[in-house]
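No experiment lies behind these values; they were computed from the predicted model shown.
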Amino acid sequence: QEELVESGGGSVQSGGSLRLSCSSSGLIYNAYCMAWFRETPGKEREGIAVVDRYGNTLYGDSVKGRFTISQDVNKKTSSLQMNSLKPEDTGTYFCAAEECLVTTVQDLGVIDANDFGYWGQGTQVTVSS
């Protein structure tokens, strides 16, 4: 059974950094697109970043230049390095994955939760001012 597990969330002051990690088990295909989403109360789940098997990346406008996503293709894990954190980055962060044997981030175009079938349980990030 497929499973994604996030770790690395916590509390940090504005301007600080956190690194989120996503481990996986049970993913049977050779290549995945892996993504991070953020959820805050009263808002739709927001696409933060996505990376494909080739290392191509796509970021949401709110995090460009501050966050960096990476993927270990062999281990099927993902990381999200978050720098210059702001209070508005507070939320629950979810790791997501979908088979991407031929799909690239250019094909995806946008970071849409509907494109991803495997999800973690989420990890909380709180940024205080």
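Using modelled atom types, one side-chain atom of Asp52 and one backbone atom of Val105 make a donor-acceptor pair closer than 3.5 Å. No side-chain donor-acceptor contact under 3.5 Å links Ser24 to the backbone of Leu4. Formation of a donor-acceptor pair under 3.5 Å by the Gln13 side chain with backbone atoms of Ser128 is not found in this model. Side chain of Arg19 to main chain of Leu80: no donor-acceptor pair is present (N/O by atom type, distance under 3.5 Å, no hydrogens or angles).
Inter-residue side-chain proximity for Ile69 and Tyr59 is flagged as met; some heavy-atom pair is nearer than 4.5 Å. With a 4.5 Å cut-off on side-chain heavy atoms, Ser17 and Val12 do not count as touching. Residues Thr57 and Val50 are not in side-chain contact: their nearest non-hydrogen atoms beyond the backbone lie 4.5 Å or more apart. Considering only heavy atoms from C-beta on, Cys95 comes within 4.5 Å of Met34 through its side chain. With a 4.5 Å cut-off on side-chain heavy atoms, Arg66 and Asp89 count as touching.
Shown here for Cys33 and Leu108, the closest heavy-atom pair between the two residues is SG-CD1, 4.2 Å. For the pair Gly122 and Glu6, the tightest heavy-atom approach, listed with the atom from each and the gap, is N-OE1, 2.9 Å. Minimum interatomic distance between Arg53 and Gln71 (heavy atoms only, all atoms of both residues): N-NE2, 4.2 Å. A pairwise comparison of heavy atoms in Phe116 and Ala96 identifies CB-CB, 3.8 Å as the closest pair. Counting all heavy atoms, side chain and backbone alike, Gly91 lies closest to Arg38 at CA-CG, 4.4 Å. The nearest pair of heavy atoms linking Gln124 to Thr90 is NE2-CG2, 4.0 Å.
No path of Ile, Leu, Val, Met, Phe, Trp and Tyr side chains, each step under 4.5 Å between heavy atoms, connects Val102 with Tyr54, placing them in separate hydrophobic clusters.
Taking CZ of Phe94 as the reference point, atom CH2 of Trp119 lies at 8.0 Å (rounded to 0.5 Å). Atom CE of Met82 and atom CD1 of Ile48 lie 9.0 Å apart (nearest 0.5 Å). Separating the OH atom in Tyr93 from the CG atom in Leu20 is a distance of 7.5 Å, to the nearest 0.5 Å. Note that the CG atom of Asp115 and the SG atom of Cys100 stand 8.5 Å from one another [nearest 0.5 Å].
The residue from Glu2, Glu99, Glu98, Glu3 that alone fulfils the side-chain contact (heavy atoms from CB on, under 4.5 Å) condition with Leu27 is Glu2.
More than 12 heavy atoms of other shown residues, nucleotides or ligands fall within 6.0 angstrom of atom CD in Gln106. Sparse packing is recorded around CD of Gln121, with 12 or fewer heavy atoms of other residues, nucleotides or ligands lying under 6.0 Å away. Crowding of Asp112 atom CG: a count of heavy atoms from other residues, nucleotides or ligands under 6.0 Å exceeding 12.
Trp36 and Phe67 have their aromatic ring centers separated by at least 6.0 angstrom.
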Worked verdict on Lys76 versus Tyr32 for side chain to side chain contact (heavy atoms under 4.5 Å, CB included): CA-CA 7 Å; Lys76 300 174 187 175; Tyr32 288 82; 4.1 Å; yes

